[in-house]
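Quick notes on the structure that follows.
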Protein chains: 2
Amino acid sequence: MNGREFKDAMYDGLAKLLKALSNPYRLEIIEMLSQGEKSVEGVVNSTNLTVANASQHLQVLKNNYIVKSRKEGHYVYYSLINDEFLSLYQHIIKYAVSEIAELEKTLNQQRKDNKSLNAVSLDKLNSMIHDESVLLLDVRPSIEYEFGHIMGAISMPISELMSKLKGFSKDKEIIAYCRGPFCVLADDAVRLLSEKGYKVRRLDEGYPEWKVKQSESI
Amino acid sequence: MNGREFKDAMYDGLAKLLKALSNPYRLEIIEMLSQGEKSVEGVVNSTNLTVANASQHLQVLKNNYIVKSRKEGHYVYYSLINDEFLSLYQHIIKYAVSEIAELEKTLNQQRKDNKSLNAVSLDKLNSMIHDESVLLLDVRPSIEYEFGHIMGAISMPISELMSKLKGFSKDKEIIAYCRGPFCVLADDAVRLLSEKGYKVRRLDEGYPEWKVKQSESI
DNA sequence: ATTATATTCAAGAAAAGTATTGAATTATTG
DNA sequence: CAATAATTCAATACTTTTCTTGAATATAAT
């Protein structure tokens, strides 16, 4: 293999990886799987995809070493291949949100619409978490909370939010988080709670970002 | 805009960025531009692309905020948009080379073929650079050296290598570098020099990686 | 002004990616 | 062992990306 062939092989391989990432549905699947493993059915339930189509997308991700799978009974459970990939994915998101003007604008509009513009960063959360008067709510489905959650967080799926929160004082500062910067569950929580008069903000990031940060600080 | 629309808008935008990156020629162009600005002609000269085709690829990169351009006389000079992108690009390369088995294998084979398997890492270089007996060679074209180079490096374009090196002692340890992990100029240098009996290794990375590392350590 | 040069534009053909449909496969359950 | 359920496979139509070709544009030099 000469120099030109070597370069071509490397760039072709690299482009293949990026092609696997360059589809909106596959990106959404990646975000889903960053919350923990999911069956094909599980992926279908939280997207607009048909079963066959979701399966195809998952195979593209698998063939490009982005996800792995294990079989149990009828089900095939997919999960992200490793934390190195998760870290890369988050780098991409972070770059896109801060450098692509259009995305930055869309994100800001969403936050404004939900009165969640005053989002708290992970770094800031760390310095607040020791404060007893801060209540950290994980508003994802409880299955995702069980796979892993930010230390000290209480599981409070958005569906149970209004009924479960009756007991809490309005003096407490509430911080809600979910899957990441694109996840709207925390926005919904902020909107619902602020309408009821609670002091509430969302976390800018989500559980996966916290997890990567934890593992990097060890 | 409801939650579903917001998510779709964000993932569509993200996929658009990744689509712009998911072409081998555009990746090669990005590597070229990470050495400093280049005209369309300059890009064409170091790839297999036609002028019109290179221009099209450059426009895709520009429309996706990956490169920027300035006009001077007949020429339009393109360069990477900022160091945040360069850092992201390098993260992608690093991930691909260490986690995609096929790419890792191809890279190793290339290094083996050129007797450059014992590559030196940037970290290691830093601790060696104070050693007077180490000679650091920048084997890129001199125009790229002039745009920027690793501190302490000597410009030694591969074309002038054999004639210029006559004066150097074979006791000195030589380290050659070029554009990055996929760049074959350093491999060529290692092969040529080791055949002549010099003690020579290549740097695993290249100038852009050094540059990003410098700016991060400030 | 005319000519030359670098780049971009526009249109069409070829190649690759995507969604849909229904059948096939694999493992579990009765 | 037949029936059921989750997933995958295969074929097709549709869309998008890519390369090629030749013309158009813009700037500099004569």
Side-chain angles (χ1 to χ4, degrees), chain A residues 4 7-9 11-30 32-33 36-79 143, chain B residues 4 7-8 11-30 32-33 36-64 66-79 143:
Chain A
R4 184 71 248 176
K7 279 173 86 162
D8 285 347
Y11 287 120
D12 283 355
L14 199 51
K16 193 162 165 283
L17 169 69
L18 288 160
K19 270 201 173 69
L21 290 175
S22 66
N23 173 285
Y25 295 116
R26 289 201 287 273
L27 292 170
E28 190 174 356
I29 290 173
I30 288 169
M32 287 305 303
L33 299 185
E37 65 173 18
K38 290 254 189 325
S39 65
V40 178
E41 203 183 18
V43 168
V44 167
N45 288 340
S46 44
T47 60
N48 287 331
L49 297 169
T50 63
V51 174
N53 199 6
S55 175
Q56 278 178 326
H57 280 305
L58 283 163
Q59 281 168 76
V60 171
L61 293 173
K62 190 177 173 185
N63 291 337
N64 286 280
Y65 305 94
I66 295 168
V67 308
K68 58 179 190 273
S69 66
R70 70 181 181 87
K71 197 157 191 174
E72 190 182 310
H74 286 312
Y75 299 89
V76 178
Y77 291 96
Y78 285 90
S79 54
I143 180 82
Chain B
R4 183 72 249 174
K7 279 173 86 162
D8 285 348
Y11 287 120
D12 282 356
L14 199 53
K16 192 162 166 281
L17 168 69
L18 288 160
K19 271 203 172 68
L21 289 175
S22 64
N23 174 285
Y25 295 115
R26 288 201 287 273
L27 292 169
E28 190 173 356
I29 290 174
I30 288 169
M32 286 305 304
L33 298 186
E37 65 172 19
K38 289 252 188 327
S39 65
V40 178
E41 200 183 21
V43 168
V44 167
N45 288 340
S46 44
T47 58
N48 287 332
L49 297 169
T50 63
V51 175
N53 200 5
S55 174
Q56 280 177 327
H57 280 305
L58 283 163
Q59 281 168 77
V60 171
L61 293 173
K62 190 176 172 184
N63 291 336
N64 286 279
I66 295 168
V67 308
K68 58 180 192 272
S69 67
R70 70 180 181 87
K71 197 156 190 176
E72 188 181 313
H74 287 310
Y75 300 90
V76 178
Y77 292 97
Y78 286 90
S79 54
I143 180 82

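The chains referred to below are lettered A, B, ... by the order of the sequence lines, with proteins before strands, and numbering in each begins at 1. We use all heavy atoms of the structure for the numbers below, so side chains are in, but hydrogens, waters and symmetry mates are not.
Rounded to an integer number of Å, the gap from CD of A:Gln56 to C1' of C:dA16 is 14 Å. Across the protein-nucleic acid pair, B:Gln59 atom CD and C:dA10 atom C1' stand 12 Å apart, rounded to whole Å. Summarising the geometry, the separation between CZ on A:Arg70 and C1' on C:dA27 is reported as 15 Å, rounded to the nearest angstrom. In this structure, CD1 of B:Ile29 is placed 14 Å from C1' of C:dT7, rounded to the nearest angstrom. Rounded to whole Å, atom P of C:dT7 lies 13 Å from atom NZ of B:Lys62. For the pair A:Leu61 CG and C:dG17 P, the interatomic distance rounds to 14 Å; values are reported in whole Å. Spacing between atom CG of B:Leu49 and atom P of C:dT7 amounts to 13 Å, rounded to whole angstrom units. Rounded to an integer number of Å, the gap from B:Asn53 CG to C:dA14 C1' is 14 Å.
Side-chain contact between A:Tyr25 and A:Leu49 is present, with at least one heavy-atom pair separated by less than 4.5 Å. Side-chain contact check for A:Ile66 versus A:Val60: every heavy-atom pair is 4.5 Å or farther apart. B:Leu21 places none of its side-chain heavy atoms less than 4.5 Å from the side chain of A:Leu21. With a 4.5 Å cut-off on side-chain heavy atoms, B:Leu18 and A:Leu27 count as touching.
In the set C:dT7, C:dT18, C:dC9, the nucleotide with an atom closest to the side chain of B:Ala52 is C:dC9. Here the nucleotide nearest the side chain of A:Lys71, chosen from C:dT26, C:dT7, C:dA19, is C:dT26. Side-chain proximity of A:His57 to the nucleotides C:dT7, C:dA10, C:dA19 is greatest for C:dA19.
Close to C:dT8, at under 4.0 Å from its OP1 or OP2, lies no side-chain N or O of B:Tyr75.
B:Tyr78 comes within 4.0 angstrom of the backbone, heavy atoms only, and of no base. B:Val51 comes within 4.0 angstrom of a base, heavy atoms only.
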message: What verdict does the salt bridge (charged side-chain N to carboxylate O under 4.0 Å, His left out) test give for B:Asp8 and B:Arg4, after you've listed the backbone C-alpha separation in whole Å, the side-chain angles of each residue and the deciding distance to 0.1 Å?
response: CA-CA 6 Å; B:Asp8 285 348; B:Arg4 183 72 249 174; 2.9 Å; yes
| said: Would A:Lys38 and A:Glu28 count as a salt bridge (charged side-chain N to carboxylate O under 4.0 Å, His left out) here? Give the steps. | reply: CA-CA 13 Å; A:Lys38 290 254 189 325; A:Glu28 190 174 356; over 6 Å; no
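Considering all non-hydrogen atoms of both residues, B:Thr50 and B:Val44 come closest at O-CG2, 4.0 Å. Contact detail for B:Val40 and B:Val51: the closest heavy-atom pair is CG1-O, 4.1 Å.
At least one donor-acceptor pair closer than 3.5 Å links the side chain of A:Arg26 to the backbone N or O of A:Lys19.
Chain B approaches DNA chain D within less than 4.0 angstrom (heavy atoms of the protein), and the contacting nucleotides run 5' to 3' from D:dT17 to D:dA28.
Residues from residues 12-19 of chain A lying near DNA chain C, meaning a heavy-atom separation below 4.0 Å, are A:Lys19 in numerical order.
Comparing A:Gly73 and A:Asn48 along DNA chain C, the residue whose closest nucleotide (by nearest heavy atom) sits nearer the 5' end is A:Asn48.
Within 6.0 Å of the OH atom in A:Tyr11, the count of heavy atoms belonging to other residues, nucleotides or ligands exceeds 12.
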